[in-house]
Structure formats: C-alpha cells, structure tokens
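Worth saying up front: this structure is predicted, and the values here are computed from it rather than measured.
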Amino acid sequence: MTVREIRLFGDPVLKSVTEQVKDFESVKGLVQDLLDTTALPGRAGVAATQIGVGLAVFSYNVNGKIGYLINPEIVSVEGE
C-alpha cells in the first residue's frame, strides 16, 4: 500500500493542465497509489495532480464504493 502525499493549495501543479493517458499499462502503479491514497478515512476522491502527477487520472470513494477514471470528460451537467 503506497499512500502519496497530497499537494496543498498554492502548489502550482494543482493549476496545471493534465495530459491524457495514452499507454494504460504504464499507469497501473499510479492508479494503485491513487486508490490507496483515496482509501484513507475522510477522502472522497484524489486526482493525479493532487499527488504531483500531471495525468488525467482520478480515484473516488463514494459511499464505500472505490474506483477510478482514466481520461475522464464532463459531457453534461444537470441539476443544482
């Protein structure tokens, strides 16, 4: 289990544009680190930039359901 340090507000990496993942095999370790980091109590999700990696990868923990997204895109927004 590798829990990575979360970057704090003000760190320039948090405002950087992420790159799309092209080689999915190469991000297996990153995904596992994100899942391990997200699994800690009180965390709902962690993006790769929050651990200092400029790739479009995100892990989540919602109602005990843990998962991840690679190259996520917002295609529509509804409601409040």
Can you confirm whether Thr37 sits close enough to Thr2 that some side-chain heavy atom of one is under 4.5 Å from a side-chain heavy atom of the other?
no

Would you say that Arg7 contacts Thr49 through its side chain, given a criterion of any heavy-atom pair below 4.5 Å between the two side chains?
no

Once you round to the nearest 0.5 Å, how far does OG of Ser76 lie from CD1 of Ile74?
9.5 Å

Would you give the length of the straight line joining atom CD of Gln20 to atom CG of Asn71, rounded to the nearest 0.5 angstrom?
4.0 Å

Do Leu30 and Ile51 touch side chain to side chain, with heavy atoms closer than 4.5 Å?
yes

Spell out, yes or no, whether Val53 and Phe24 are grouped together once hydrophobic residues are joined by side-chain heavy atoms under 4.5 Å, including indirect joins.
yes

Could you see if Val27 belongs to whatever hydrophobic cluster contains Val13? Use Ile, Leu, Val, Met, Phe, Trp, Tyr and a side-chain cutoff under 4.5 Å.
no

Atom CG of Leu34 and atom OH of Tyr60: how far apart are they, to the nearest 0.5 Å?
13.0 Å

Tell me whether Ile6 shares a hydrophobic cluster with Tyr68, the cluster being built from Ile, Leu, Val, Met, Phe, Trp, Tyr side chains joined at under 4.5 Å.
yes

Tell me if a side-chain donor or acceptor on Asp36 pairs with a main-chain N or O of Val3 at a distance below 3.5 Å.
no

Do Ile70 and Val31 pass the side chain to side chain contact (heavy atoms under 4.5 Å, CB included) test, and can you show the C-alpha distance, the side-chain angles, and the key distance before you say yes or no?
CA-CA 9 Å; Ile70 298 175; Val31 168; 4.3 Å; yes

Main-chain N/O of Leu35 paired with Thr38 side-chain donor or acceptor, under 3.5 Å:
no

Hey, any chance Ile66 and Val46 share a hydrophobic cluster, counting ILVMFWY side chains that come within less than 4.5 Å of each other, even indirectly?
yes

To the nearest 0.5 angstrom, please state how far the CD atom of Gln50 sits from the CZ atom of Phe58.
8.0 Å

Ignoring hydrogens, what is the shortest heavy-atom contact between Pro72 and Ala56? Give both atom names and the distance.
CD-O, 3.5 Å

Under the 3.5 angstrom rule, does the side chain of Asn63 hit a backbone N or O of Lys65 as a donor-acceptor pair?
no

When rounded to the nearest 0.5 angstrom, what is the spacing between OG in Ser26 and CG in Leu55?
7.5 Å

Side chains of Leu69 and Val57: does their closest heavy-atom pair fall under 4.5 Å?
no

